[in-house]
Amino acid sequence: MFHSIISQCLNSPTVTLSQARQAHATILKLNLFSDTHFTKRLLSLYSNNLCFPETNHILHSLPQPTLFTFSSVIHSFARSNLYHHVLQIFSHLGSRDLVPDGYLLPSAIKACASLQALKPGRQVHGFVLVSGYGLDSVVMSSLIHMYLKCDQIGDAHKLFDRMPDRDVVVWSAMIAGYSRRGLVDKAKELFSEMRDEGVEPNLVSWNGMVAGFNSNGSYVEAAMLFRMMLSEGFLPEGVTLSCVLPAIGQLEDTVMGAQVHGYVIKQGLKTDKFVVNSLLDMYGKCGCALEMSQVFDEADQTEVCFLNAFLTGLSRNGLVDTAVQVFEQFKDEGMELNVVTWTSMIASCSQNGKDLEALEFFREMQADGVEPNAVTIPSLIPSCGNISALTHGKEIHCFSLRKGFFDDVYVGSALIDMYAKCGRIQLSRRCFDIISAPNLVSWNAIMSGYAMHGRAKETIELFHMTLQSGEKPDRITFTCVLSACAQNGLIEEGWHYFNSMSKEHGVEAKMEHYACMVTLLSRVGKLEEAYSIIKEMSFEPDACIWGALLSSCRVHHNLSLGEVAAEKLFLLEPNNPGNYILLSNIYASKSMWDDVNRIRDVMKSKGMRKNPGYSWIEVGRKVHMLLAGDKSHPQLKEILEKLDELNMKMKKSGYLPKTSFVLQDVEEQDKEEILCGHSEKLAVALGLLNTGPGQPIQVIKNLRICDDCHAAIKFISSLEEREIFVRDTNRFHHFKDGVCSCGDYW
DNA sequence: AGAAACGGAA
């Protein structure tokens with residue numbers, strides 16, 4: 001009686017899972033399990049409902065399961081992408097003395113591919129060979145896909161070579177496999193081989209090629225291939241466009257960009273999310289802010305990824321303020337902003353001198369409940385370095401450790417730079433040492449750190465370690481090495497590395513390298529040699545080059561070359577008062593007062609004032625900006641009193657204020673500044689007032705530190721027994737016990 | 001079989 005009830009229940013087309021479970025329990029209770037009709041029916045009910053434990057249990061308890069039973073169960077789970085279960089069931093075949101067939105093998109292989117499970121994949125491959133399906137084309141192409149998914153292109157290719165008839169699908173897969181790994185030459189080879197064998201490439205084959213060139217950085221080739229496929233009559237799909245648009249953006253090919261945009265409209269691809277995003281990105285990179293805004297305005301305004309691309313594009317085009325406005329507007333309208341949106345804003349700020357704003361965005365995003373990720377951190381850290389906000393920098397370092405970003409090379413490299421810019425070169429070095437796989441950026445960061453601290457020996461040592469590590473040095477590497485040489489007057493080494501750049505390392509000398517050499521030679525007084533390098537350059541020297549020559553001419557009182565350099569600078573930077581002041585300093589040193597007055601008159605007629613000097617100092621968690629002559633600081637009275645007191649003490653110890661007649665005369669308007677002192681002195685005084693005895697003081701300045709402040713701070717460091725770090729535009733000055741780490745050579 | 005938006009160094 002029970003038998004027929006159970007039978008009725010299980011065979012009903014409307015049987016539910018819970019009914020099946022009840023029937024199962026009854027079968028077990030009545031010991032009816034040997035009835036294969038019931039068990040098979042249960043098995044199919046469980047596997048169709050994807051109940052893995054029950055399915056597995058029944059499979060195990062079947063006395064003599066057939067391959068068909070296994071196949072149907074495996075296909076049920078495979079249909080629902082439950083690949084772990086597929087593999088688990090598949091692995092029991094052997095113990096039941098069953099050999100998989102040409103239908104079951106591809107399912108198992110596909111499961112391995114989807115899970116990127118190489119070990120089981122190889123085991124299944126073994127099964128294939130044993131069971132005699134080694135030349136089955138379906139099985140072979142599944143294996144090829146599996147090896148490609150598992151990043152074993154060599155194994156894939158071995159199979160591919162042995163395949164008897166290869167269809168366009170397997171060709172395309174191999175092409176994409178090579179091109180995704182950047183092996184575009186191999187991809188190209190296969191592409192033409194395929195045609196030779198009479199297999200015509202389809203859209204997918206072309207897409208793979210274009211994508212490969214794009215991700216490989218071969219942008220010209222990517223664009224060329226795109227044109228070729230058009231000329232062969234292919235109608236690119238959205239995917240193709242999102243491969244070629246980034247390349248067009250990199251090439252800043254406005255014309256081609258507009259053509260593709262036209263094609264997008266014609267083909268009705270304006271609803272494709274990827275295409276629209278790539279268009280925004282492309283216009284942003286091409287400097288077409290207007291076109292980009294048009295695309296954005298016409299796009300779905302509720303899509304946050306469009307907003308993200310738009311914001312990045314705006315700030316890339318120097319429109320950071322607009323980006324902030326747009327951001328605020330969408331935020332107020334209740335748009336759901338994600339971590340990309342916030343990170344993008346933080347990066348825009350830190351890359352555009354809005355460092356305090358970057359810190360504020362970081363705080364705000366967390367208050368808004370958006371968790372910073374491993375991309376957010378390295379976008380923010382440069383801001384701490386830029387303003388020497390060591391306390392903030394350390395806090396963010398701790399934050400990133402709490403988040404578990406221990407060995408992220410991006411975070412690590414950003415920290416190296418940040419600590420170096422905050423004057424803590426030892427901490428910087430420690431961050432470098434714990435990176436398990438430093439890349440060129442990490443090496444460059446630590447070299448630049450040592451270079452800005454004037455430590456040429458370590459910089460050069462690290463340069464050789466970079467070479468040993470197998471990284472190929474780039475132009476930044478050489479800028480670090482050469483600037484270290486320049487700061488230390490290492491003529492011989494400087495020439496050596498400069499000459500080796502293109503000869504041994506294939507790095508062409510650019511403006512910044514010539515600038516280092518001009519600085520190096522002219523600082524030590526080899527002004528003519530510096531000038532002849534400038535004349536030998538194959539491109540027009542820029543203001544940095546002439547500026548380096550001019551300031552050395554001032555140091556070495558060389559009037560004739562100084563005038564040459566100044567003439568060039570007046571054309572290149574007509575509104576930079578610094579150049580006029582330097583030239584007038586040279587005239588003054590030669591007592592040529594008529595010329596001094598002439599320069600002053602030119603400056604007056606142009607309405608030029610000296611660039612405002614300002615300095616930053618972090619006191620506790622607050623970053624103060626001090627402007628020369630600015631009376632707004634709440635502690636100004638105390639600061640001036642402190643400076644007065646220091647002045648008295650310093651004079652007793654032998655300090656002579658280095659006032660220059662010229663500067664005072666030129667800047668009659670800036671009496672206040674002279675009264676209040678330079679911003680770096682104000683900042684040092686503020687630091688002394690607000691920190692405990694013996695605490696180090698850290699200041700940064702937007703201009704080069706002046707002779708007088710340099711001399712004064714040396715005295716202050718010994719009188720007050722403080723370590724004082726001053727970072728100017730050029731390098732670090734580490735004052736301790738009355739001496740500076742630069743050895744007065746800067 | 002194929003795709004993209006945010007990131008680090010001078």
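The chains referred to below are lettered A, B, ... by the order of the sequence lines, with proteins before strands, and numbering in each begins at 1.
- Per the geometry, CE belonging to A:M229 stands 14 Å off P belonging to B:dA3, to the nearest Å.
- A:D281 contributes no side-chain N or O that, together with a main-chain N or O of A:N277, makes up a donor-acceptor pair within less than 3.5 Å.
- Residue A:N202 places a side-chain atom within donor-acceptor reach of the base of B:dA1, judged by atom type and a 3.5 Å distance cut-off alone.
- Using a 4.0 Å heavy-atom criterion, one finds that A:K510 contacts no nucleic acid atom at all.
- Residue A:C480 places its side chain closer to B:dA10 than to any other of B:dG2, B:dA1, B:dA10.
- A donor-acceptor pair under 3.5 Å is absent between the side-chain atoms of A:S383 and the main chain of A:K354, judged by distance alone.
- Checking side-chain atoms of A:H513 against main-chain N and O of A:L482 turns up no donor-acceptor pair under 3.5 Å.
- When heavy atoms are screened at a 4.0 angstrom cut-off, A:Q351 is found touching the sugar-phosphate backbone but no base atom.
- Nucleic acid contact class of A:D474 (heavy atoms, under 4.0 Å, all strands): base.
- One interatomic measurement links the two molecules: CG of A:N373 to C1' of B:dG7, which rounds to 9 Å at whole-angstrom precision.
- Within the nucleic acid shown, A:N439 comes within 4.0 Å of at least one base atom, counting heavy atoms only.
- Note on A:R180: only backbone sugar-phosphate atoms sit closer than 4.0 angstrom, heavy atoms only; bases stay farther off.
- Proximity note for A:N207 (side chain, C-beta onward) versus B:dC6, B:dG2, B:dA1: the nearest is B:dG2.
- When distances are taken from the side chain of A:A173 to each of B:dA9, B:dG7, B:dA1, the shortest belongs to B:dA1.
- A:C243 comes within 4.0 angstrom of the backbone, heavy atoms only, and of no base.
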| field | Pairing annotation in dot-bracket form, given for DNA chain B with Watson-Crick or G-U pairs under 3.5 Å and | for cross-strand partners | value | ..........

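- Atom CG in A:L307 sits about 16 Å away from atom P in B:dA5, given to the nearest Å.
- With rounding to whole Å, A:L279 atom CG is found 12 Å from B:dA4 atom C1'.
- Comment: A:R429 does not engage A:E461 in a salt bridge, judged by the lack of any side-chain N to carboxylate O separation of less than 4.0 angstrom.
- Contacts of A:A309 with the nucleic acid, taken as non-hydrogen atoms under 4.0 Å apart, are absent.
- In the interface, the side chain of A:N444 is paired with the base of B:dA9 through a donor and an acceptor atom under 3.5 Å apart.
- Stacking annotation: A:Y410 is stacked on the base of B:dG7 (ring centroids less than 5.5 angstrom apart, interplanar angle below 30 degrees).
- The CG-P distance, from A:N214 to B:dG2, rounds to 16 Å in whole Å.
- Comment: A:E221 engages A:K188 in a salt bridge, judged by a side-chain N to carboxylate O separation of less than 4.0 angstrom.
- Ion pairing between A:K331 and A:E364 holds under the 4.0 Å rule for side-chain N and carboxylate O.
- You'll find that the side chain of A:S344 is closest to B:dC6, out of B:dA10, B:dG2, B:dC6.
- Within 4.0 Å of A:A374, counting heavy atoms only, lies at least one base atom of the nucleic acid.
- Of the candidates B:dA5, B:dA10, B:dG2, the closest approach to any side-chain atom of A:E237 belongs to B:dG2.
- Looking at heavy-atom distances under 4.0 Å, A:V409 makes contact with a base.
- If you take CG on A:L115 and NZ on A:K110, they are separated by 11.0 Å, rounding to the nearest 0.5 Å.
- Set against B:dA9, B:dG2, B:dC6, the side chain of A:V441 has B:dA9 as its closest nucleotide.
- A donor N or O paired with an acceptor N or O is found under 3.5 Å between the base of B:dG8 and the side-chain atoms of A:S413.
- The interatomic distance linking A:L203 (CG) with B:dA3 (C1') rounds to 13 Å, in whole Å.
- Side chain of A:E512, nearest nucleotide from B:dA10, B:dA4, B:dA3: B:dA10.
- In the set B:dA1, B:dA5, B:dG8, the nucleotide with an atom closest to the side chain of A:S172 is B:dA1.
- In this structure, the CG atom of A:L482 is 20 Å from the P atom of B:dA9, given to the nearest Å.
- Protein atom CG of A:L337 is 16 Å distant from nucleotide atom P of B:dC6, rounded to whole Å.
- The six-membered or imidazole ring of A:F463 lies away from that of A:W443, with a centre-to-centre distance of 6.0 Å or more.
- We find that A:D151 and A:R180 are not joined by a salt bridge, their nearest charged nitrogen and carboxylate oxygen being 4.0 Å or further apart.
- Distances were taken from every side-chain heavy atom of A:T343 (C-beta onward) to each of B:dA9, B:dC6, B:dA4; the shortest belongs to B:dC6.
- Candidate nucleotides B:dG2, B:dA3, B:dC6 were compared by shortest atom distance to the side chain of A:R316, and B:dC6 ranks first.
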| task | Check step by step if side chain to side chain contact (heavy atoms under 4.5 Å, CB included) holds for A:L241 and A:L269. | result | CA-CA 10 Å; A:L241 301 185; A:L269 290 166; 3.5 Å; yes

